[in-house]
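Below you'll find the structure, written out as structure tokens, and then a few comments.
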Amino acid sequence: MELRREMLRLRDRFPRQVASVAGTCRAAVFILGALLTVAPWLSGKEPARGGVPSLGPNTVAAFEEYVKLTEARNAEELQRGTNLLWIDGLKDSERAQAYEALKRGQVQMQKLETRRNGEKIRCPGGMIHHWVGVAFIPGAKLQDVLRVIQDYDRHAQYYAPDVEQSKIESHDGNRFVVFLRFRRHKVITVVLNTEHDVRYFTDSDTREHSRSTSIRIAEVENAGKANERQKAPGEDGGYLWRMETWWRMEERDGGVYVQSEVVSLTRDIPAGLGWLIGPFVNSIPKETLTFTLEATRNAVEGSRKN
């Protein structure tokens, strides 16, 4: 109890002691890394395989059910063909404010949660992160956006530094299989080799949507060094085990609205530590999606100038 009170005191002091938001994030991630390292001992439990979490069948089953229900809702919305952006479901005044913010260049974000008949879907051993965001690219055409998004060989340029390497492994019509190496650095550096199956669907001359599923995600140890090696998927640090993505693009109002919805799976927060590091862990998917949408807009605008 004494340790908990002291950590709460330190957490509450961060906003006053750190001069910038970036500094606060760095401090938070430092605490996150330290606590995840010592978590098994703080909870009084023996760490499995040296403290390394594993992706178990119950975790996978819960995530797959979550994705299945989310997929059904997306399919229903696309078939209906109206209110394709999440902000279209807001009240009139809130919707008008959201559209005005988009026109000013802001990204509009919303945390989502898919439920089973109104009940929360439990994911033992894992955390499901679910966010949706939308951005507006003024002056752009739908084909301008598609040319950038489908140019996977250059994603390492468009989405640097989050994407370090990128290439198209196969391409058949509207289907792509792509390789992306992600790098995340906040005190600790995490490098992930990932493969994704991406399919595009034309809804009309002004509307397009895509569906992306991660085929393989492997954490890279000693990235860039002679002894670099991939850890077995699911037998790693649990920073990212699964990622499912739904994109929607609509040309109107003198530009293109781009919406991305992402459901990802990571390791769970060790028991007893959610009160401290939960808010920091949950903020990372939001930050990543916001960056992706902003980078997409910048890449499209840059390509139109060339």
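Please read these numbers as outputs of a predicted model, since none were measured by experiment.
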**OP:** Mark yes or no for whether Arg304, through its side chain, and Gly139, through its backbone, hold a donor-acceptor pair below 3.5 Å.
**Re:** yes

Subject >> Thr213 side-chain N/O to Asp197 backbone N/O, donor-acceptor pair under 3.5 Å >> reply: no

Original post:
Out of curiosity, Arg122 CZ to Glu65 CD, how far, rounded to the nearest 0.5 Å?
Top reply: 12.5 Å

**OP:** With rounding to the nearest 0.5 Å, note down the distance linking CD in Glu221 to CG in Asn227.
**Re:** 7.5 Å

**OP:** Measure from the side-chain N and O atoms of Trp86 to the backbone N and O of Gln259, and report whether any donor-acceptor pair falls under 3.5 Å.
**Re:** no

Original post:
Do Ser264 and Leu240 have side chains that get closer than 4.5 Å, going by heavy atoms?
Top reply: yes

Original post:
Linking I/L/V/M/F/W/Y whenever any side-chain heavy atoms sit under 4.5 Å apart, do Val132 and Val107 land together?
Top reply: no

Original post:
What distance separates Gln143 CD from Met249 CE, expressed to the nearest 0.5 Å?
Top reply: 10.0 Å

Original post:
Residues two or more places apart in sequence or in another chain: which of them pass side chain to side chain contact (heavy atoms under 4.5 Å, CB included) with Lys141?
Top reply: Asp144, Glu251

**OP:** Give a yes or no on whether Asn117 atom CG has more than 12 heavy-atom contacts from other residues, nucleotides or ligands under 6.0 Å away.
**Re:** no

Original post:
Any sub-3.5 Å donor-acceptor pair from Glu219's side-chain atoms to Gly237's backbone N or O?
Top reply: yes

Subject >> Closest non-hydrogen atom pair, Asp205 against Leu142 >> reply: O-CD2, 3.7 Å

Subject >> Side-chain donor-acceptor contact under 3.5 Å, Glu71 with Trp246 >> reply: yes

Subject >> Heavy-atom pair of closest approach, residues Arg216 and Gln230 >> reply: NH1-NE2, 2.9 Å

Original post:
Are Trp247 and Leu84 grouped together when hydrophobic residues (ILVMFWY) are joined by side-chain heavy atoms under 4.5 angstrom apart?
Top reply: no

Subject >> Shared hydrophobic cluster for Val263 and Leu55 (ILVMFWY, side-chain gaps under 4.5 Å) >> reply: yes

Original post:
Can you find a heavy atom in the side chain of Glu261 that is under 4.5 Å from one in the side chain of His130?
Top reply: yes

**OP:** Calculate, to the nearest 0.5 Å, the distance between atoms OG1 and CD belonging to Thr290 and Gln106 respectively.
**Re:** 11.5 Å

Original post:
Under 3.5 Å, side chain of Thr70 to main-chain N/O of Tyr66, donor-acceptor pair present?
Top reply: yes

Original post:
Hey, does Arg297 have a side-chain heavy atom less than 4.5 Å from the side chain of Val258?
Top reply: no

Original post:
In terms of hydrophobic clustering (I, L, V, M, F, W, Y; side-chain heavy atoms under 4.5 Å; direct or indirect links), are Phe291 and Phe136 co-clustered?
Top reply: no

Original post:
Do Tyr99 and Asp253 meet the criterion of a side-chain donor-acceptor pair at a distance under 3.5 Å?
Top reply: no

Subject >> Enclosure of Lys167 NZ (heavy-atom neighbours >12, cutoff 6.0 Å) >> reply: no

Original post:
Is Val190 close to Phe182 at the side-chain level, that is, under 4.5 Å between some pair of heavy atoms?
Top reply: no

**OP:** Verify the ring-centre separation between Phe176 and Tyr200: is it less than 6.0 angstrom?
**Re:** yes

Subject >> Heavy atoms of other groups near Asn222 CG, more than 12 under 6.0 Å >> reply: yes

Original post:
Would you say Ser260 and Thr292 make side-chain contact, with heavy atoms under 4.5 Å?
Top reply: no

Original post:
Of all residues at least two apart in sequence or in a different chain, which pass the ring-ring contact (aromatic ring centres under 6.0 Å, His included) check with Phe201?
Top reply: His209

Original post:
Quick check, are the ring centers of His171 and Tyr152 under 6.0 angstrom apart?
Top reply: no

Subject >> Any residue meeting side chain to side chain donor-acceptor pair (under 3.5 Å) with Gln157, in chain and number order, not counting sequence neighbours >> reply: Arg154

Subject >> Arg252 side chain vs Thr206 backbone, donor-acceptor pair below 3.5 Å >> reply: no

Original post:
Is the shortest heavy-atom distance from the side chain of Met243 to the side chain of His196 under 4.5 Å?
Top reply: yes

**OP:** Please test Asp162 against Arg184 for side chain to side chain contact (heavy atoms under 4.5 Å, CB included), starting from the C-alpha separation and ending with a verdict.
**Re:** CA-CA 6 Å; Asp162 281 13; Arg184 294 285 293 179; 3.3 Å; yes

Original post:
Out of curiosity, Thr59 OG1 to Glu64 CD, how far, rounded to the nearest 0.5 Å?
Top reply: 11.0 Å

Original post:
More than 12 foreign heavy atoms under 6.0 Å from CD of Glu76: is that the case here?
Top reply: no

**OP:** Return yes if a side-chain donor-acceptor contact under 3.5 Å exists between Tyr159 and Asn298, otherwise no.
**Re:** no

Original post:
Is the shortest distance from a Lys or Arg side-chain nitrogen in Arg73 or Glu77 to a carboxylate oxygen in the other one below 4.0 Å?
Top reply: yes

Subject >> Test item: side-chain donor near acceptor, Thr194 and Ser214, under 3.5 Å >> reply: no

Subject >> Interatomic spacing from CZ in Arg183 to CG in Leu192 - rounded to 0.5 Å >> reply: 10.5 Å

Subject >> Check: Glu228 and Val191 side chains under 4.5 Å, non-hydrogen atoms >> reply: no

Subject >> Electrostatic pair Glu113-Arg115, nearest N-O below 4.0 angstrom >> reply: yes

Subject >> Where Pro233 and Ala218 come nearest, the two heavy atoms and their spacing >> reply: CG-CB, 4.4 Å

Original post:
Donor-acceptor pair, His155 side chain versus Ile149 backbone, under 3.5 Å?
Top reply: yes

**OP:** Check whether Leu289 and Leu102 end up in the same hydrophobic cluster, where Ile, Leu, Val, Met, Phe, Trp and Tyr are linked by side-chain heavy atoms less than 4.5 Å apart.
**Re:** no

Original post:
What's the shortest heavy-atom distance between Trp131 and Met109, and which atoms?
Top reply: CE3-CE, 4.1 Å

Subject >> From CA spacing to verdict: side chain to side chain contact (heavy atoms under 4.5 Å, CB included), Val67, Phe63 >> reply: CA-CA 6 Å; Val67 170; Phe63 182 75; 3.6 Å; yes

Subject >> Leu90 backbone acceptor or donor facing Arg95 side chain under 3.5 Å >> reply: yes

Subject >> Closest contact, heavy atoms only, Ala62 versus Ile121 >> reply: O-CG2, 4.0 Å

Original post:
When you measure from the side chain of Arg248 to the backbone N and O of Leu78, does any donor-acceptor pair fall under 3.5 Å?
Top reply: no

**OP:** Check the pair Asn74, Arg211 against side chain to side chain contact (heavy atoms under 4.5 Å, CB included), reporting the backbone distance first and the verdict last.
**Re:** CA-CA 10 Å; Asn74 266 278; Arg211 178 73 174 88; over 6 Å; no

Original post:
Which atom names give the shortest non-hydrogen contact between Tyr158 and Ala299, and what distance separates them?
Top reply: CD2-CB, 3.7 Å

